[in-house]
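Model, not experiment: these values are computed from the prediction. Side chains are part of it too, since the values below use all heavy atoms of this structure and drop only hydrogens, waters and symmetry mates.
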Amino acid sequence: MATVGSKIVAEYFGTILYQRAIYPSEDFNLVKKYGMNLLVSSDESVRAYVRQILTQAGWLLAKATNKLVMVLERWQFDIILKTEEPKICNANKDKSEKEIQGEIAAILRQVTASITFLSELERSTFNILAYTQGNAEVPATWGDSDPREIVNAERVRLRSFTTGVRVDTLVSYRADDSAGAA
């Protein structure tokens with residue numbers, strides 16, 4: 001997670017921030033990656049925040065972190081370690097780089113496509129929650145939080161990605177009440 005996994009999750013976060021218009025589009029740069037165009041935040045404070053969280057979570061992952069949640073709607077990234085599910089994680093160890101990049105590109109396209117069914121955001125800020133084991137030593141800058149669950153949420157499970165670490169993605173959102181009104 002500290003390397004490949006955290007970079008991928010950071011790219012998920014960047015895609016979500018752009019697609020949900022949390023920051024102006026001019027705060028993003030277009031880069032070619034995984035055979036597709038990807039928008040990356042050029043705002044150094046945003047990049048530093050995400051980098052800090054993912055670095056700390058990656059450091060903890062070997063022992064304690066098992067879920068990261070980006071709170072806009074509720075983008076949940078469940079992290080399954082090789083030690084927890086060796087059959088799942090080892091099944092993909094012989095993938096070529098092209099296959100891995102294809103899977104990442106497919107997930108990023110799915111994240112982008114999922115924006116079409118999400119309701120309008122009520123706020124334009126985000127938080128990242130890291131779920132850890134109860135006995136984990138966490139950085140002093142981290143604090144406890146409620147899980148930020150969405151009441152009566154719609155949930156959509158997105159594709160998974162596995163290369164020694166498996167990342168399952170789920171987005172929960174409040175359905176637009178006016179969508180069914182005539």
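For the pair Val71 and Leu129, the minimum side-chain heavy-atom distance is below 4.5 Å. Using a 4.5 Å cut-off on side-chain heavy atoms (C-beta onward), Asn127 and Val69 make no contact. Thr169 is not listed as a side-chain neighbour of Arg157, based on a closest heavy-atom distance of 4.5 Å or more. Contact annotation: the side chain of Ile128 approaches that of Tyr49 to within less than 4.5 Å [non-hydrogen atoms, C-beta and beyond]. Residues Thr125 and Ile22 are not in side-chain contact: their nearest non-hydrogen atoms beyond the backbone lie 4.5 Å or more apart. The side-chain heavy atoms of Leu170 and Arg155, taken from C-beta on, include a pair separated by under 4.5 Å. Counting only heavy atoms from C-beta outward, the side chains of Leu158 and Ile107 never approach each other to under 4.5 Å. Residues Val171 and Leu118 form a side-chain contact, since some pair of their non-hydrogen atoms from C-beta on lies under 4.5 Å apart.
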Problem - Asp43 vs Phe28, side chain to side chain contact (heavy atoms under 4.5 Å, CB included): CA-CA, chis, key distance, verdict - result: CA-CA 8 Å; Asp43 183 320; Phe28 292 84; over 6 Å; no
Practice task
Walk me through it: do Ile16 and Phe126 pass the test side chain to side chain contact (heavy atoms under 4.5 Å, CB included)?
Solution key: CA-CA 10 Å; Ile16 294 164; Phe126 72 98; over 6 Å; no
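Distance check, rounded to the nearest 0.5 Å: CD1 of Ile104 to CE of Met36 gives 10.5 Å. Rounding to the nearest 0.5 Å gives a distance of 4.0 Å between OG1 of Thr112 and CD of Gln19.
A donor-acceptor contact closer than 3.5 angstrom is absent between the side chains of Ser42 and Asp27.
The minimum heavy-atom distance linking Leu108 with Tyr34 is given by the pair CD1-CD1, 3.9 Å. Taking each heavy atom of Tyr173 and Glu73 in turn, the nearest pair found is CB-CG, 3.8 Å.
For Ser119 (side chain) and Arg174 (main-chain N/O), a donor-acceptor pair under 3.5 Å exists by modelled atom type. Using a distance-only test at 3.5 Å, with no hydrogens or angles considered, a donor-acceptor pair links the side chain of Arg47 to the main chain of Ser41. When atom types are taken as modelled, the side chain of Gln110 and the backbone of Arg159 share a donor-acceptor pair closer than 3.5 angstrom.
More than 12 heavy atoms of other residues, nucleotides or ligands lie within 6.0 Å of CZ in Arg20, so this atom counts as buried by the packing criterion. Within 6.0 Å of atom CG in Asp146, more than 12 heavy atoms from other residues, nucleotides or ligands are found, so the atom counts as buried in its surroundings.
By the 4.0 Å N-to-carboxylate-O rule, Arg74 lies close enough to Glu149 to be salt-bridged with it.
Tyr23 and Tyr18 have their aromatic ring centers separated by at least 6.0 angstrom. Ring pair Phe77/Phe13: centre-to-centre distance below 6.0 Å.
When the side chains of ILVMFWY residues are joined at heavy-atom separations under 4.5 Å, either directly or via intervening members, Leu121 and Ile150 end up in two distinct hydrophobic clusters.
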